[in-house]
Number of protein chains: 2
Amino acid sequence: MDSELIAAARRFNRTVTQRVGALDDEYMARGRPLAQARLLWEIGPGGAEVAALRARLGLDSGYLSRLLRTLESDGLVTVAPADQVGGDARVRAAVLTDAGRAEWAELDKRSDELAWSILEPLSEQRRERLVAAMAEVERLLIASMVVIEPCPPGDPRARACVRAYARDIARRFDDGFDPALSNPVHDEELVPPAGVFLLATLNAEPVGCGAVKLHRDAPAEIKRVWVADSVRGLGIGRRMLDELERYAAERGWGAIRLDTNGNLTEAIAMYRSAGYREIEPYNTEYYAHHWFEKHLAP
Amino acid sequence: MDSELIAAARRFNRTVTQRVGALDDEYMARGRPLAQARLLWEIGPGGAEVAALRARLGLDSGYLSRLLRTLESDGLVTVAPADQVGGDARVRAAVLTDAGRAEWAELDKRSDELAWSILEPLSEQRRERLVAAMAEVERLLIASMVVIEPCPPGDPRARACVRAYARDIARRFDDGFDPALSNPVHDEELVPPAGVFLLATLNAEPVGCGAVKLHRDAPAEIKRVWVADSVRGLGIGRRMLDELERYAAERGWGAIRLDTNGNLTEAIAMYRSAGYREIEPYNTEYYAHHWFEKHLAP
DNA sequence: CCATATATCTGACTTTAGTCAGGTATATGG
DNA sequence: CCATATACCTGACTAAAGTCAGATATATGG
């Protein structure tokens with residue numbers, strides 16, 4: 001723990017978060033209780049399902065219901081069954097009324113004003129620097145908020161990642177990707193003690209995955225490393241790799257391998273920079289052009 | 001208003017302040033009501049006067065009193081007359097007890113932990129980048145929070161600035177600074193309509209000043225431009241200059257002048273970059289080596 | 001000494017935020 | 001069709017946050 005870095009991060013938390021956060025709330029509230037204002041904002045011009053609002057704002061179901069009733073009786077919102085095709089009749093969605101839309105537009109305007117009130121006193125050059133630094137902080141904080149945890153491969157979030165992974169490689173491989181031609185990976189192989197499936201999430205949304213098979217009497221094998229576009233370039237892939245290696249090393253494996261397609265150039269660069277060395281083919285994977293191995297410290 | 005910059009600042013406000021802010025509060029609270037925790041934190045190991053706490057936390061006087069009673073009855077704090085020499089017997093100060101100090105240390109530790117929990121998931125390189133960007137955001141936000149407003153030259157904050165200004169130049173001039181040798185500036189000259197004194201404040205603390213005399217039938221004259229060390233390099237001096245020029249221009253003056261000492265090299269550079277041109281001496285100021293003038297657009 | 005201002009305090013109050021235990025209607029797997 | 005789960009709801013409650021009108025003691029200028 002570098003105490004200078006920590007001190008700087010603390011100063012930032014204090015000055016920036018507290019002050020800008022308080023300003024933000026003040027601008028948002030407009031005489032209305034903050035919870036209501038936030039809810040109105042979150043519903044937005046396009047409306048939102050009640051469950052989604054609950055998740056995004058982290059509210060108690062009863063509390064949210066009551067807030068919605070208040071906004072409804074103020075004529076800002078209507079709550080009605082969410083009529084998606086073939087939808088679940090229990091699910092309801094909140095939609096802004098005309099008055100609600102006007103109020104939302106006002107909040108939007110005030111949000112712009114707040115942002116401008118921060119930038120306005122600065123010279124043009126400093127404005128640009130501030131915005132660039134803000135963007136950097138934002139991206140890196142997002143990176144630091146990504147959590148990597150074991151997850152059953154059957155979990156819907158895990159499935160969604162694997163599907164996205166398949167779509168991605170189908171687009172990048174020269175001849176597409178037909179799972180039938182590729183060596184299959186079975187769920188049981190990615191469940192302890194045979195292996196593990198790790199899921200990367202950002203605010204509970206899946207944004208990446210990776211798996212390792214712990215082969216008996218053979219090096220461990222990495223599979224399905226994928227990172228969503230939205231969080232690429234933030235070091236998530238590398239962290240995933242580290243976690244998978246650590247998992248294998250902690251269980252006594254001394255080496256770890258993987259195969260990959262020649263078109264995945266950034267992935268290959270990442271493997272090399274992470275200490276992987278190219279080796280002779282150790283399997284007959286149809287889509288593989290390169291095979292890599294890394295020795296693991298015990 | 002550049003809408004791209006605004007959008008970026010808004011994103012920052014939302015993601016960063018809301019999330020980090022919420023985390024911050026959570027770490028701070030420790031089962032105790034947040035207001036109490038914040039108050040305990042603000043009192044700090046050195047103690048603090050009640051009035052100072054009220055100002056810093058922006059609390060209602062009655063509310064603060066009650067919070068202090070609660071902390072007192074929890075054995076964390078004692079409130080007693082603030083015995084400064086020759087002090088005001090009404091003023092009271094809060095001081096942490098041993099238990100309070102222990103609790104404060106715990107909050108301090110948790111603050112470190114929170115900061116580290118943000119940095120920890122990142123690679124060393126990204127940590128450094130994040131901290132650098134945080135520092136940049138912080139500095140520029142501080143710059144943007146400085147407010148420049150007219151202030152009576154007799155106001156204690158104005159007096160404090162002028163004293164600091166005199167101390168500063170005394171240190172920088174080759175032969176010190178003796179006000180008796182310098183052309184005097186009287187308060188009445190810095191009060192409308194004869195002129196104006198502008199005060200720069202950061203969270204109500206004075207951090208800079210500047211004044212302009214509106215001479216009859218002669219160019220306006222800038223005096224006493226000073227910026228506190230703590231906010232130097234943030235463009236405050238330049239903003240002060242702009243405001244003074246604007247003040248004179250709006251009232252019909254077409255030119256503005258100033259004299260300065262040759263040792264104040266950054267100030268001279270600033271005048272030049274702001275469009276001032278060196279002219280012949282227009283007064284007999286003992287400490288002046290350079291005289292500048294700028295034409296003002298109507 | 002008096003009138004007025006100031007620093008802090010107490011008491012009485014309201015609003016906001018949030019929790020928890022059910023209740024109703026719909027969905028789902030067998 | 002039944003048991004169980006789920007999505008949203010209502011009612012009853014608590015704690016926290018904040019406001020306001022005085023009360024008390026001290027300061028300050030005349």
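Order of the sequence lines sets the chain letters (A, B, ...), proteins ahead of strands, with each chain counted from 1. The figures here come from the full heavy-atom set of this structure, side chains too, leaving out hydrogens, waters and symmetry mates.
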Closest approach to the side chain of [X], judged atom by atom: which nucleotide of [options] is it?
X: B:D88; options: D:dC8, C:dT10, D:dT26; result: D:dT26
X: B:V91; options: D:dC8, C:dT10, C:dA7; result: C:dA7
X: B:S61; options: D:dC9, C:dT16, C:dC9; result: C:dC9

Over how many whole Å does the gap from [X] atom [atom1] to [N] atom [atom2] extend?
X: A:L53; N: D:dA7; atom1: CG; atom2: C1'; value: 13 Å
X: B:R69; N: C:dC9; atom1: CZ; atom2: C1'; value: 7 Å
X: B:L59; N: C:dC9; atom1: CG; atom2: P; value: 13 Å
X: A:D25; N: D:dA17; atom1: CG; atom2: P; value: 14 Å

C:dG30 - base-pair partner by Watson-Crick or wobble geometry, distances under 3.5 Å: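 Partner of C:dG30: D:dC1.
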
Between [X] and [N], does any side-chain N or O lie under 4.0 Å from OP1 or OP2?
X: A:R66; N: D:dT10; result: no
X: B:R54; N: C:dA7; result: no
X: B:R92; N: C:dA7; result: no

DNA chain C: 5'-proximal contact among A:A89 and B:D60 (nearest heavy atom): B:D60

5' precedence on DNA chain C between A:R90 and A:L67 (nearest-nucleotide basis): A:L67

Sugar-phosphate, base or nothing in reach of A:L34, heavy atoms under 4.0 Å: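 A:L34: backbone/sugar contact only, no base atoms under 4.0 Å.
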
5′-ward residue of the pair A:L64/B:G31 relative to DNA chain D: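 It is A:L64, whose closest nucleotide lies nearer the 5' terminus.
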
Test item: A:Q36 side-chain N/O and A:L71 main-chain N/O as donor-acceptor pair under 3.5 Å: no

